[in-house]
S.K.: 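Would you mind keeping the following structure in view while I ask a few things?
As the structure is a prediction and not an experimental result, all values here were calculated from the model. All chains are named by letter (A, B, ...) in the order of the sequence lines, taking the proteins before the strands, and each is independently numbered beginning at 1.
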Amino acid sequence: MVINMKAQEIASFTIGIFLVTIGIYIWVYEPIWVSSVHGATVGLIGAGVALILIALWKYKIRISGEVREDERDYRIAEKASFKTFQIIFIVQGFLYATLGILDIQLPAQPVVGVLFAITGISYAGIFWLYRRNM
Amino acid sequence: MKNNIKVWRAKKDITQEELAKKVGVTRQTINAIERGKYDPSLELAFGLARFFDCMIEDIFTYE
């Protein structure tokens with residue numbers, strides 16, 4: 001049988017195998033740097049299995065020749081992604097500003113700030129990258 | 001953008017499903033184009049024109 005997987009399917013499959021392997025390693029050896037062995041194991045193996053199944057499912061659909069996604073779906077996904085980004089960015093900014101103005105000290109406050117920065121920088125960076133290539 | 005895919009489809013006597021398979025998209029996309037809800041890419045427009053053996057302007061009208 002000739003397996004003809006696309007780069008994206010191979011990447012998804014490989015990352016899935018990697019996550020499952022790490023999950024099994026943590027489950028078996030229970031390293032001291034893992035605070036919650038059960039949580040880490042379930043999370044990693046669950047995410048890994050999901051990635052493997054997605055890769056195999058996409059491969060099966062592509063091989064069968066059935067069209068499940070097309071340009072309209074990609075355009076819808078673009079619009080949905082942009083709207084989602086806008087909502088998340090605004091909510092994060094509002095939350096961070098509110099915590100700052102009201103001088104509320106939460107343990108998660110730096111995380112909100114870092115996520116806010118990562119979201120904005122990621123968007124600007126990826127936008128710039130695509131703008132150069134399109 | 002207006003189009004008359006429905007007319008061309010009727011001429012060829014094929015269903016939305018069959019046309020979708022021929023041009024490599026989903027039936028929902030053909031339906032959305034026919035209803036004027038979605039403007040196809042140039043690639044798909046050329047694909048449709050090639051399938052119906054006509055010019056793009058024969059199918060799509062810019063208004």
S.K.: Looking at every non-hydrogen atom in both residues, tell me the closest pair between B/Thr26 and A/Val67 and how far apart they are.
M.R.: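 The answer is CG2-O, 3.6 Å.
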S.K.: If hydrophobic clusters are built from ILVMFWY residues whose side chains come within less than 4.5 Å, do A/Tyr123 and A/Val114 share one?
M.R.: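 Different clusters.
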S.K.: Around atom CZ of A/Arg131, are there more than 12 heavy atoms from other residues, nucleotides or ligands closer than 6.0 Å?
M.R.: no
S.K.: Could you measure the distance from the CZ atom of B/Arg27 to the CG atom of A/Asp70? Nearest 0.5 Å is fine.
M.R.: 12.0 Å
S.K.: Can you tell which part of A/Arg68 gets under 4.5 Å to a heavy atom of chain B, answering side chain, backbone, both or neither?
M.R.: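 Only the backbone of A/Arg68 comes within 4.5 Å of chain B.
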S.K.: With a 4.5 angstrom heavy-atom cut-off, which part of B/Ala20 approaches chain A: side chain, backbone, both or neither?
M.R.: neither
S.K.: Considering residues, nucleotides and ligands other than A/Tyr96, do more than 12 of their heavy atoms fall under 6.0 Å from its OH?
M.R.: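 12 or below, so no.
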S.K.: Tell me whether the count of non-hydrogen atoms from other residues, nucleotides or ligands lying under 6.0 Å of NZ in B/Lys12 goes above 12.
M.R.: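 Atom NZ in B/Lys12 is crowded, with more than 12 foreign heavy atoms closer than 6.0 Å.
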S.K.: If you group Ile, Leu, Val, Met, Phe, Trp and Tyr by side-chain heavy-atom gaps below 4.5 Å, do B/Ile56 and B/Tyr38 land in one group?
M.R.: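 The answer is yes; both residues are in one hydrophobic cluster.
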S.K.: Is a side-chain N or O of A/Glu71 found less than 3.5 angstrom from the main chain of B/Pro40, in a donor-acceptor match?
M.R.: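 Between the backbone of B/Pro40 and the side chain of A/Glu71 there is no qualifying donor-acceptor contact (under 3.5 Å).
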S.K.: With a 4.5 angstrom heavy-atom cut-off, is it the side chain or the backbone of B/Glu43 that approaches chain A, or both, or neither?
M.R.: neither
S.K.: Quick one: are B/Val25 and A/Arg72 in side-chain contact, heavy atoms under 4.5 Å?
M.R.: no
S.K.: For B/Phe46, I'd like to know if atom CZ has over 12 heavy atoms of other residues, nucleotides or ligands within 6.0 Å.
M.R.: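 Atom CZ in B/Phe46 is not packed in, count stays at 12 or less.
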